[in-house]
Amino acid sequence: MDLGDDLSTRVDALMDGLVADLERLTAVPSVAFPGFPPEPVREAHDLLVDLLRGAGVEQVERLDLPDTAPVVVAEVQPPAPGAPTVLLYGHYDVQPPGDEALWLSPPFEPTPVEGGLRARGIADDKANIIVHLGVLRAFAGRPPVGLKIVLEGQEEYGSAFDDYPPTDPGRFACDAMVIADMGNLRPGSPTLTTGLRGAAEVFVEVRTLAEPRHSGEFGGAAPDSLLALLKALATLHDVHGDVAVEGLRREDWTGTTYTEEEFRSLAGVQEGMPLIGSGGLGERLWSGPAITVIGIDAPSVDLAASAVVPYARAKLNLRFHPEQDPRKARDLLVTHLESLRPFGIPLTVTPGDTGSGFEPATDGPGYRAAGGLGERTGLRRERRLDPPGQRLGQGCPRCRGPSLRRPGRHVQPARPERARPLLGAAVGGDRGGRLPAGVREDVRRHRHARRFRGGAA
């Protein structure tokens with residue numbers, strides 16, 4: 001089948017229907033977190049089953065695991081003996097919306113905005129599922145390769161599916177995978193993501209007094225837990241803002257990256273505010289480490305008393321080079337903190353969870369085929385080490401964990417284009433902190449055709 005103008009024309013003709021299905025899917029509040037009703041999750045599952053069957057997929061099954069939202073597992077047989085099989089992955093659950101009063105429009109009412117739509121979960125990960133659906137429709141349900149389609153229903157929170165695929169390898173056997181749960185460098189530049197930084201958490205706490213003591217009577221001599229904690233945290237970066245923990249891997253960046261103007265816009269940096277760190281943006285964002293203080297337990301400003309603080313605690317998020325051992329990277333941070341004695345005060349440092357980085361093989365036929373298609377359709381092959389965020393899990397856990405990865409398997413994470421990247425933050429001390437008002441998960445309708453033409457499957 002011609003992959004040129006004819007396919008492009010067919011994809012363009014499908015766009016209105018695909019956008020309509022995206023709106024239907026994102027209107028379902030499929031949050032698979034404790035405390036949320038399970039019915040919408042099942043509704044999203046059933047809708048996807050109907051959409052797949054309507055696209056010509058005859059073999060659609062439901063995989064049920066303990067305490068886990070149902071997984072859609074579908075298959076299209078190869079058109080001929082010896083034809084390769086590609087596994088397409090996505091997830092239909094979404095992060096909780098947080099405080100809905102901070103949204104510019106209701107999170108589960110897809111709302112047209114300039115160039116696209118706004119809704120919770122539209123870019124992570126429901127538009128990506130529509131990519132797979134668009135591929136099926138473009139080929140009338142008979143693509144030139146075999147397909148296995150895996151649509152998870154509890155990726156954001158985590159479930160028994162995390163460790164299931166190795167126990168049932170035949171179900172997931174394939175020649176290449178497309179993990180549609182990542183982002184592009186910029187709108188108009190479809191991107192294959194070929195690396196993710198690893199992630200780890202570390203907790204550090206200080207206790208110095210049995211209880212708060214009046215600062216007028218005791219301040220200046222009584223050991224202040226918050227001061228000690230802040231002094232310790234200040235050692236994690238040098239005067240330029242670069243990570244100062246010895247042993248964390250950092251390499252020069254030679255690939256494509258954002259311009260500073262693009263990054264400032266994407267990050268929402270206030271006018272006149274400098275960026276931190278030295279070297280190129282790619283080196284700071286993708287091939288070097290980052291340490292972020294994602295939470296501090298200390299008296300709030302509004303409720304603060306005139307007292308020496310007896311106890312303080314912080315939670316740190318570490319991102320490290322994809323090829324660095326996750327436990328070793330985390331332990332380097334732990335060792336750094338344990339070696340400190342701010343004002344002579346010891347710190348209690350507790351290592352947390354880790355997630356390994358990910359770097360797939362890029363020398364196989366699947367990668368070459370995507371690159372060859374890209375030369376005709378605009379697909380860029382860019383080595384980006386940018387995780388999309390943190391899952392109560394990790395960014396793209398199917399890439400990082402043992403679930404779908406196997407040595408030598410060619411995995412290409414991808415995501416359809418959206419107007420800006422989004423941290424799926426919730427409110428009230430959740431991992432992402434406060435959800436900015438007007439946060440948008442955008443997917444540009446008129447760009448979808450490029451993603452389909454650019455080799456999403």
If you define the side chain from C-beta out and look only at heavy atoms, does anything of Leu236 sit under 4.5 Å from Val245? yes
Within a strict 4.5 Å, meaning less than it, do heavy atoms of the Leu233 and Leu316 side chains meet? yes
Using the salt bridge (charged side-chain N to carboxylate O under 4.0 Å, His left out) rule, take Asp297 and Lys315 through it: C-alpha gap first, then chi angles, then the decisive distance, then the call. CA-CA 9 Å; Asp297 290 336; Lys315 182 177 183 179; over 6 Å; no
Does CG in Asp67 sit with more than 12 non-hydrogen atoms of other residues, nucleotides or ligands closer than 6.0 Å? no
Do Arg120 side-chain atoms and Val94 backbone N/O form a donor-acceptor pair below 3.5 Å? no
Indicate the atoms forming the closest heavy-atom contact of Ser287 with His321, along with that distance. O-CD2, 3.8 Å
Minimum-distance pair of heavy atoms, taken over all atoms of Arg197 and Ala290: NH1-CB, 3.8 Å
Using a strict cut-off of less than 4.0 Å between a Lys/Arg side-chain nitrogen and an Asp/Glu carboxylate oxygen, indicate whether Arg264 and Glu261 qualify as a salt bridge. no
Please check if any side-chain donor atom of Tyr89 sits under 3.5 Å from a side-chain acceptor atom of Glu152, or the reverse. yes
For the residue pair Ile122 and Lys126, establish whether any side-chain heavy-atom pair is separated by less than 4.5 Å. no
Which heavy-atom pair separates Gly56 from Arg142 by the least distance, and what is that distance? O-NH1, 3.3 Å
Salt-bridge contact Glu61-Arg171 (side-chain N to carboxylate O under 4.0 Å): yes
Give me the ring orientation class for Phe161 and Phe172: parallel if the planes are under 30° apart, tilted from 30 to 60°, perpendicular past 60°. perpendicular
Which is it for Arg118 and Ser105 under the side-chain hydrogen bond (donor to acceptor under 3.5 Å, both in side chains) test, yes or no, and what are the steps along the way? CA-CA 8 Å; Arg118 176 176 58 233; Ser105 58; 3.0 Å; yes
Under a 4.5 Å cut-off applied to non-hydrogen side-chain atoms, are His91 and Glu156 in contact? yes
With heavy-atom distances below 4.5 Å as the criterion, would you say the side chains of Leu48 and Leu25 are in contact? yes
Quick one: does Thr26's side chain have a donor or acceptor within less than 3.5 Å of a partner on Pro110's backbone? no
Is it the case that the side chain of Ser300 and the backbone of Ala298 share a donor-acceptor pair, with hydrogens and angles ignored and the cut-off at 3.5 Å? no
Backbone N or O of Thr292 within a donor-acceptor pair of the Asn317 side chain at under 3.5 Å? no
To the closest 0.5 Å, what do you measure between CG (Leu14) and CG (Leu136)? 11.0 Å
Is there a donor-acceptor contact under 3.5 Å from the side chain of Glu109 to the main chain of Pro106? no
Step through the shown structure and confirm whether more than 12 heavy atoms of other residues, nucleotides or ligands are within 6.0 Å of CD on Glu58. no
Can any side-chain N or O of Asp331 pair as donor or acceptor with the backbone N or O of Val334 at less than 3.5 Å? no
Between Glu75 (side chain) and Gln59 (backbone), is there a donor-acceptor pair under 3.5 Å? no
More than 12 heavy atoms of other groups within 6.0 Å of Arg327 CZ: no
Any chance CG of Leu275 has more than 12 other-residue heavy atoms, nucleotides or ligands included, within less than 6.0 Å? yes
Shortest non-hydrogen contact between Glu155 and Asp181, atoms and distance: OE2-OD2, 3.7 Å
If you take the centroid of each ring, where Trp contributes its six-membered ring, are Phe108 and Trp103 closer together than 6.0 Å? no
Sidechain-backbone polar pair: Lys148 side chain, Val86 backbone, donor-acceptor under 3.5 Å: no
Grab the two heavy atoms, one from Gly352 and one from Arg330, that are nearest each other, plus how far apart they are. O-NH1, 2.8 Å
Minimum heavy-atom separation for Pro40 to Pro29, with atom names? CB-O, 3.4 Å
